[in-house]
Number of protein chains: 2
Amino acid sequence: MQQLDALTSLKRTFRRGEYLYRCGENFHSLFAIRTGFFKTQVLHEDGREQVTGFQMPGEIIGLDAISSDVHTCDAVALEDSEICEIPFDRLETLSRELPSLQRHLHKIMSREIVRDQGIMMLLGSMRAEERLAAFLLNLSQRFSARGYSPTSFYLRMTRQEIGSYLGLKLETVSRTFSHFQENGLLNVRVREVEIMDMLRLRSFVSHT
Amino acid sequence: MQQLDALTSLKRTFRRGEYLYRCGENFHSLFAIRTGFFKTQVLHEDGREQVTGFQMPGEIIGLDAISSDVHTCDAVALEDSEICEIPFDRLETLSRELPSLQRHLHKIMSREIVRDQGIMMLLGSMRAEERLAAFLLNLSQRFSARGYSPTSFYLRMTRQEIGSYLGLKLETVSRTFSHFQENGLLNVRVREVEIMDMLRLRSFVSHT
DNA sequence: CATGGTTTTTGACCTATATCAAACGTATTT
DNA sequence: AAATACGTTTGATATAGGTCAAAAACCATG
């Protein structure tokens with residue numbers, strides 16, 4: 001336990017807009033988010049961006065870099081945030097001694113793979129309304145798991161970032177929010193979302 | 001080394017169409033493909049399917065199941081195949097003793113995460129022609145790495161499976177193949193592909 | 001607390017891809 | 001070798017979402 005504490009003792013803060021790491025930088029640590037909100041994105045050479053995830057407190061960021069010892073995406077703070085750095089070689093060493101830590105690390109990496117599968121499903125075979133509904137339900141569930149309201153929350157990201165994540169243009173995201181509001185599924189005032197009819201929103205995504 | 005051999009000594013063969021595992025089954029082993037070709041897919045309750053990957057010899061399958069000890073997708077043989085089973089608890093035990101094996105496992109899992117990021121990019125921000133070009137170049141590179149021709153290969157999957165993987169309908173896949181052929185980028189005769197102009201095909205995907 | 005820049009909303013129009021349908025090839029079974 | 005099922009190609013048409021544009025709302029800064 002002391003060893004684990006020592007492992008996660010390096011803390012750092014980031015202002016909104018600051019980069020935790022950039023694509024191409026050398027990898028030596030994973031990062032656990034303590035407070036705040038991040039996005040990860042891949043930039044295409046022609047300027048197109050793809051947001052690959054939004055990360056909240058308790059989540060681990062940087063797993064993609066293990067494969068080649070180089071970061072393969074950018075991680076950007078969407079609000080003032082605090083992270084703790086986990087030097088990866090020390091994590092590996094320690095996880096050889098602590099089977100439960102080893103198991104935990106494997107589960108975290110596997111969970112990331114499962115999450116990515118879900119996004120493939122979303123991008124590959126869902127329509128705009130289904131994508132946005134799935135996105136909001138996912139946020140809701142994660143806020144809920146952290147003790148916040150599952151129905152009422154503040155979006156840290158722009159319409160354009162949501163769109164990039166969901167494979168939609170920002171106008172489509174905006175319109176879909178408006179449709180949802182017209183249909184009484186939720187109230188939106190820009191970044192403030194209140195889910196009014198969770199069940200009907202769910203029926204959008206797993207529509208039998 | 002002997003230990004490693006013992007670890008991978010369980011071999012099994014699968015006929016085309018057979019399931020290596022199904023979504024919902026309990027997890028206990030990873031699988032290394034020795035010969036053949038597999039696809040992994042997630043099925044939505046309403047019948048929609050999403051192909052999440054095509055796997056070739058040397059690749060490891062089943063990583064998604066570590067997170068919850070249950071398989072989260074189906075794995076289906078696309079041709080007669082041979083796999084070797086790797087009991088995961090024994091792999092974990094052994095990787096505590098062999099740092100290089102531990103490192104290797106982490107890289108494999110991370111590589112899967114990076115691969116998924118690439119697919120997100122593809123599904124989220126590329127057009128049909130770019131997607132198919134990226135898909136063919138990826139196959140080409142992987143065949144090449146296994147000592148096969150990078151320009152001439154046989155597709156083990158149907159147009160519909162390619163479409164599902166790329167977030168396109170099978171007709172669109174078929175038409176895009178035809179366009180590529182009309183433009184002298186490649187020759188297709190159903191499942192047989194010959195890339196004629198690799199450079200121009202590349203320029204489709206990373207088009208500056 | 002006014003100002004300039006960014007983000008969001010909404011409208012009108014357009015296009016890439018989906019859908020529907022039919023014909024044609026190619027494999028598998030008997 | 002014929003019959004049958006399955007996969008592929010191609011055409012005609014429809015539509016979801018993209019593009020372009022302008023106004024409105026928001027917010028960060030001096």
Side-chain angles (χ1 to χ4, degrees), chain A residues 15-18 39 46-51 76-80 122-136 154-183 186-193 204 207, chain B residues 15-18 39 46-51 76 78-80 122-135 154-183 186-193 204 207:
Chain A
R15 304 298 308 273
R16 179 148 74 91
E18 281 191 300
K39 69 167 174 180
D46 60 0
R48 280 183 288 189
E49 73 164 31
Q50 175 70 35
V51 171
V76 189
L78 293 180
E79 60 182 25
D80 296 355
L122 184 144
L123 292 172
S125 48
M126 286 166 68
R127 293 175 316 102
E129 287 184 335
E130 302 173 309
R131 293 184 201 191
L132 189 63
F135 171 71
L136 291 171
Y154 180 79
L155 299 171
R156 272 73 173 180
M157 65 294 280
T158 66
R159 297 288 185 264
Q160 125 85 3
E161 285 163 340
I162 297 172
S164 169
Y165 181 65
L166 299 178
L168 301 169
K169 292 293 153 177
L170 69 95
E171 295 94 330
T172 305
V173 174
S174 177
R175 276 185 240 275
T176 307
F177 267 122
S178 300
H179 295 160
F180 281 170
Q181 173 144 291
E182 284 158 25
N183 291 304
L186 45 77
N187 285 326
V188 218
R189 255 198 82 238
V190 194
R191 303 282 187 106
E192 200 61 59
V193 172
F204 261 94
H207 78 117
Chain B
R15 305 297 308 274
R16 179 147 75 90
E18 281 191 300
K39 70 167 174 180
D46 59 0
R48 280 183 288 188
E49 72 165 31
Q50 175 69 35
V51 171
V76 189
L78 293 181
E79 59 182 27
D80 296 355
L122 184 143
L123 293 172
S125 47
M126 285 166 70
R127 292 174 318 101
E129 287 183 335
E130 301 173 309
R131 292 184 200 191
L132 189 63
F135 170 72
Y154 181 79
L155 299 171
R156 272 75 173 180
M157 64 295 280
T158 66
R159 298 287 185 264
Q160 123 86 2
E161 285 163 339
I162 297 172
S164 169
Y165 182 64
L166 299 178
L168 302 169
K169 293 293 153 179
L170 69 95
E171 295 94 329
T172 305
V173 173
S174 178
R175 275 185 241 274
T176 308
F177 267 122
S178 301
H179 294 161
F180 282 170
Q181 173 146 291
E182 284 158 26
N183 290 305
L186 44 78
N187 285 326
V188 220
R189 253 198 84 239
V190 194
R191 303 281 188 106
E192 201 60 60
V193 172
F204 259 94
H207 78 115

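In this text, all values refer to a predicted model and were calculated from it rather than measured experimentally. First the proteins, then the strands, lettered A, B, ... as listed; each starts at 1.
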State whether the side chain of B:E18 and the backbone N or O of B:V76 hold a donor-acceptor pair below 3.5 Å, judged by distance alone. no
Value in whole Å for how far the C1' atom of D:dG18 lies from CG of A:L166: 15 Å
Can you tell me how far apart NZ (A:K39) and OG1 (A:T158) are? Round to the nearest 0.5 Å. 6.5 Å
Among residues 157-165 of chain B, which ones have heavy-atom contacts with DNA chain D below 4.0 Å? B:T158, B:R159
Reckon B:R131 touches a base, only the sugar-phosphate, or nothing at all at heavy-atom distances under 4.0 Å? nothing
Without decimals, in angstroms, what is the distance between B:E192 CD and C:dA27 P? 11 Å
Between the side chain of A:S164 and the main-chain N/O of A:V51, is any donor-acceptor distance below 3.5 Å? yes
Where the side chain of B:Q160 meets the backbone of B:K169, is there a donor-acceptor pair that is under 3.5 Å apart? no
Side chain of B:R191, heavy atoms from C-beta onward: which of C:dT28, D:dT8, D:dG18 has the nearest atom to it? D:dT8
Atom CD of A:Q181 and atom P of C:dT8 are separated, to the nearest Å, by 15 Å
Please give, in whole Å, the distance from D:dG7 P to B:L155 CG? 15 Å
Flag, side chain of B:R131 to backbone of B:L123, donor-acceptor distance under 3.5 Å: yes
Has A:D80 got a side-chain atom pairing as donor or acceptor with A:R15's backbone, closer than 3.5 angstrom? no
Using the closest heavy atom to pick a nucleotide of DNA chain D for each, name whichever of A:E129 or A:R189 lands nearer the 5' end. A:E129
What distance do B:R175 atom CZ and B:E129 atom CD have between them, rounded to the nearest 0.5 Å? 13.0 Å
Given atom CG of A:L78 and atom C1' of C:dT7, what is their separation to the nearest angstrom? 14 Å
Please report, rounded to the nearest Å, how far the C1' atom of C:dA18 is from the CZ atom of B:R127. 16 Å
Rounded distance [0.5 Å steps], CG in A:L166 versus OG1 in A:T172: 10.5 Å
Bend angle of the helix from C:dC1-D:dG30 to C:dT30-D:dA1, end axes from five pairs each (to 10°): 60°
Measure the spacing between CD1 of B:I162 and CZ of B:F177 and express it to the nearest 0.5 Å. 4.5 Å
Rounded interatomic separation in angstrom, taking OH from A:Y154 and P from C:dT7: 12 Å
How long is the line joining CG of A:L168 and P of C:dA16, in whole Å? 18 Å
Between CG on residue B:L186 and CG on residue B:L132, distance to nearest 0.5 Å: 7.5 Å
Between A:E192 (side chain) and A:R189 (backbone), is there a donor-acceptor pair under 3.5 Å? no
Exam field: side chain B:S174 to backbone B:L170, donor-acceptor pair closer than 3.5 Å: no
I'd like to compare against my own output: the B/S/- annotation of nucleotides 10-15 of chain C with a strict under-4.0 Å heavy-atom distance to protein. BBB---
Sorted by position of nearest nucleotide on DNA chain C, 5' first, the leading residue of B:V190 and B:K169 is B:K169
